[in-house]
Visitor: 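Pasting a structure here, questions to come.
We count residues from 1, following the sequence as given.
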Amino acid sequence: MTNCITHDEATIRSFIRDPEYAYYYLQAVITDGDPDEIAEAQAWYDEAKVRTQEARYWDSLLGHAQKTAQNGYNVEAVLHALNEAIGIIKAAVPAGV
């Protein structure tokens, strides 16, 4: 089983590959409000942010997820504002991550 990775690593990689997924995941966890799940998602988010070059866009992504969850904003309106950030994050991810 040398080709196996942990669930944590798989989730971090999925956040890096697909920031839009990361956004929806974070928004759902924040909305749910379970402190343990929020802490776990925050750790995955932090690691994904460390592994990429565009940390300020990850901060923007998390901020929008938090606002959406806490204020009940329309997700489509928030995603419209995030399209540029998501594109920059995807472009910054090294190939093969």
Side-chain angles (χ1 to χ4, degrees):
M1 289 209 286
T2 59
N3 292 332
C4 295
I5 62 172
T6 66
H7 177 264
D8 290 344
E9 181 62 23
T11 304
I12 292 163
R13 289 181 187 184
S14 70
F15 277 20
I16 293 169
R17 276 192 310 273
D18 191 350
E20 188 173 357
Y21 167 74
Y23 165 76
Y24 280 117
Y25 188 92
L26 291 166
Q27 191 259 332
V29 169
I30 294 165
T31 299
D32 201 30
D34 181 282
D36 292 334
E37 287 181 4
I38 291 171
E40 184 175 52
Q42 182 69 48
W44 294 334
Y45 161 85
D46 289 341
E47 182 59 27
K49 180 176 151 181
V50 165
R51 293 185 192 183
T52 62
Q53 299 172 354
E54 298 295 333
R56 69 179 182 267
Y57 292 101
W58 280 97
D59 289 337
S60 173
L61 190 71
L62 178 61
H64 284 295
Q66 289 170 331
K67 287 179 186 175
T68 300
Q70 294 168 353
N71 298 322
Y73 293 138
N74 181 310
V75 173
E76 291 300 318
V78 174
L79 282 179
H80 178 72
L82 287 174
N83 278 335
E84 181 179 328
I86 290 170
I88 291 169
I89 293 169
K90 285 182 178 179
V93 174
V97 173

Visitor: Do Gln27 and Thr31 touch side chain to side chain, with heavy atoms closer than 4.5 Å?
Guide: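 Contact flag for Gln27/Thr31 side chains = yes.
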Visitor: Hey, could you give me the OH/CD1 distance between Tyr25 and Ile30, rounded to the nearest 0.5 Å?
Guide: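 If we round to the nearest 0.5 Å, Tyr25:OH and Ile30:CD1 are 11.0 Å apart.
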Visitor: Could you pull out the closest heavy-atom pair between Ile12 and Glu47, with the gap in Å?
Guide: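 Minimum heavy-atom separation between Ile12 and Glu47: CD1-CG, 3.6 Å.
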Visitor: Less than 3.5 Å apart, which donor and acceptor atoms pair up between the side chains of residues 4-11 and the rest of the protein, not counting sequence neighbours?
Guide:
from, atom 1, to, atom 2, distance (Å)
Thr6, OG1, Glu9, N, 3.0
Asp8, OD1, Trp44, NE1, 3.0
Glu9, OE1, Arg51, NH1, 3.4
Glu9, OE1, Arg51, NH2, 2.8
Glu9, OE2, Arg13, NE, 2.8
Glu9, OE2, Arg51, NH1, 2.7
Thr11, OG1, His7, O, 2.9

Visitor: With sequence neighbours excluded, tell me which residues meet side chain to side chain donor-acceptor pair (under 3.5 Å) with Asp34.
Guide: none
Visitor: Taking side-chain contact (heavy atoms from CB on, under 4.5 Å) as the test, write out the residues that go with Ala22, two or more places apart.
Guide: Phe15, Trp58, Leu61
Visitor: Side chain to side chain contact (heavy atoms under 4.5 Å, CB included) for Asp46 and Gln42? Distances and angles first, verdict last.
Guide: CA-CA 6 Å; Asp46 289 341; Gln42 182 69 48; 2.8 Å; yes
Visitor: For the residue pair Val29 and Ala41, what are the closest heavy atoms and their distance?
Guide: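 In this case the closest contact between Val29 and Ala41 is CG1-CB, 4.2 Å.
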